[in-house]
Amino acid sequence: MVDSEIENEAWLGANDLFGPAGAAIQGMRLRIENQVVLSVDGLLAPLQEARRLFEQRKFRQASTRADQVHRDLETRIEQWQRAAEARLEALRRSRNLAKIQQLKIEMADVKRQSRGAYHLMSTLRSALEVIRAQNPAK
């Protein structure tokens with residue numbers, strides 16, 4: 001496969017990933033006991049900016065912006081994980097089995113959502129890196 005074909009596939013892949021990645025982030029709720037504890041709303045605007053830069057063929061800037069969204073998403077997921085584990089430990093100490101089970105179910109749901117969003121962002125970053133490597137001056 002010639003470089004232009006690789007770049008074309010990466011371009012199509014990246015272009016197709018912006019929408020689903022944004023939807024996954026927008027749909028995420030980092031919640032504990034049905035209350036959002038960390039917002040991810042602030043990640044959507046930078047992702048949209050990355051897409052705009054990508055469409056303007058400013059690949060380095062788009063990649064940098066997507067990297068920042070990825071890091072911020074990862075940080076927020078880790079913060080939620082620590083808060084959820086702390087809450088689970090508190091419930092274990094109180095021996096409230098019904099709430100423990102309810103929280104475990106909720107944690108599994110949030111983890112599923114966050115893994116999906118994180119995977120989409122990782123795949124988007126990879127596609128942007130291929131394009132960026134093919135266009136180092138842009």
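Numbers for residues simply follow the sequence, beginning at 1.
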* Decide side chain to side chain contact (heavy atoms under 4.5 Å, CB included) for Gln81 and Lys111; before the verdict, give the C-alpha distance in whole Å, the side-chain angles of both, and the deciding distance to 0.1 Å. => CA-CA 9 Å; Gln81 181 72 36; Lys111 285 178 183 179; 3.3 Å; yes
* Take Gln113 and Val40 through the test side chain to side chain contact (heavy atoms under 4.5 Å, CB included) and record every step on the way to the result. => CA-CA 12 Å; Gln113 288 178 359; Val40 292; over 6 Å; no
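Within the structure, salt bridge (charged side-chain N to carboxylate O under 4.0 Å, His left out) pairs that include any residue of residues 66-78 comprise Asp67-Arg125 (at least two apart or interchain). Every pair tested for ring pair (Phe, Tyr, Trp, His ring centres under 6.0 Å) that includes a residue from residues 79-108 fails, sequence neighbours excluded, so the list is empty.
In this structure, Leu128 and Ala66 approach most closely via the heavy-atom pair CD1-CB, 3.6 Å. In terms of heavy atoms, Leu17 sits closest to Thr123 at CD1-CG2, 3.5 Å. Here the closest non-hydrogen pair linking Met28 and Ala117 is SD-CB, 3.5 Å. Here the closest non-hydrogen pair linking Ala24 and Leu120 is CB-CD1, 3.8 Å. The two atoms that bring Arg65 and Ala50 nearest to each other are CB-CB, 3.8 Å, heavy atoms only.
Under the 4.5 Å side-chain heavy-atom criterion for Ile, Leu, Val, Met, Phe, Trp and Tyr, Ile131 and Leu53 are members of distinct hydrophobic clusters. Cluster membership for Ile32 and Leu97, using ILVMFWY side-chain heavy atoms within less than 4.5 angstrom, is shared. Residues Leu44 and Phe18 do not share a hydrophobic cluster, defined by chaining ILVMFWY side chains whose heavy atoms lie under 4.5 Å apart.
With sequence neighbours excluded, no residue forms a side chain to side chain donor-acceptor pair (under 3.5 Å) with Gln79. With sequence neighbours excluded, no residue satisfies side chain to side chain donor-acceptor pair (under 3.5 Å) with Gln101. In terms of the side-chain contact (heavy atoms from CB on, under 4.5 Å) criterion, residue partners of Ser122 (sequence neighbours excluded) are, by chain and number, His70, Tyr118. Taking the side-chain contact (heavy atoms from CB on, under 4.5 Å) definition, one finds that Asn34 meets it with Arg31, Gln102, Glu106, sequence neighbours left out. Scored by the side-chain contact (heavy atoms from CB on, under 4.5 Å) test, Arg112 finds Asp109, Arg115 as partners (sequence neighbours excluded). For Glu85, the salt bridge (charged side-chain N to carboxylate O under 4.0 Å, His left out) test picks out no residue, with sequence neighbours left out. Not counting sequence neighbours, the partners of Ala90 by the side-chain contact (heavy atoms from CB on, under 4.5 Å) test are Arg87, Arg93.
Between Val69 and Leu124 there is no side-chain heavy-atom pair separated by less than 4.5 Å. With a 4.5 Å cut-off on side-chain heavy atoms, Met121 and Leu43 do not count as touching.
The OG atom of Ser114 lies 7.5 Å from the CG atom of Leu73; values are rounded to the nearest 0.5 Å. Atom OG1 of Thr64 sits about 13.0 Å away from atom NZ of Lys58, to the nearest 0.5 Å.
Taking the charged nitrogens against the carboxylate oxygens, Glu129 and Arg132 do have a contact shorter than 4.0 Å, which makes a salt bridge.
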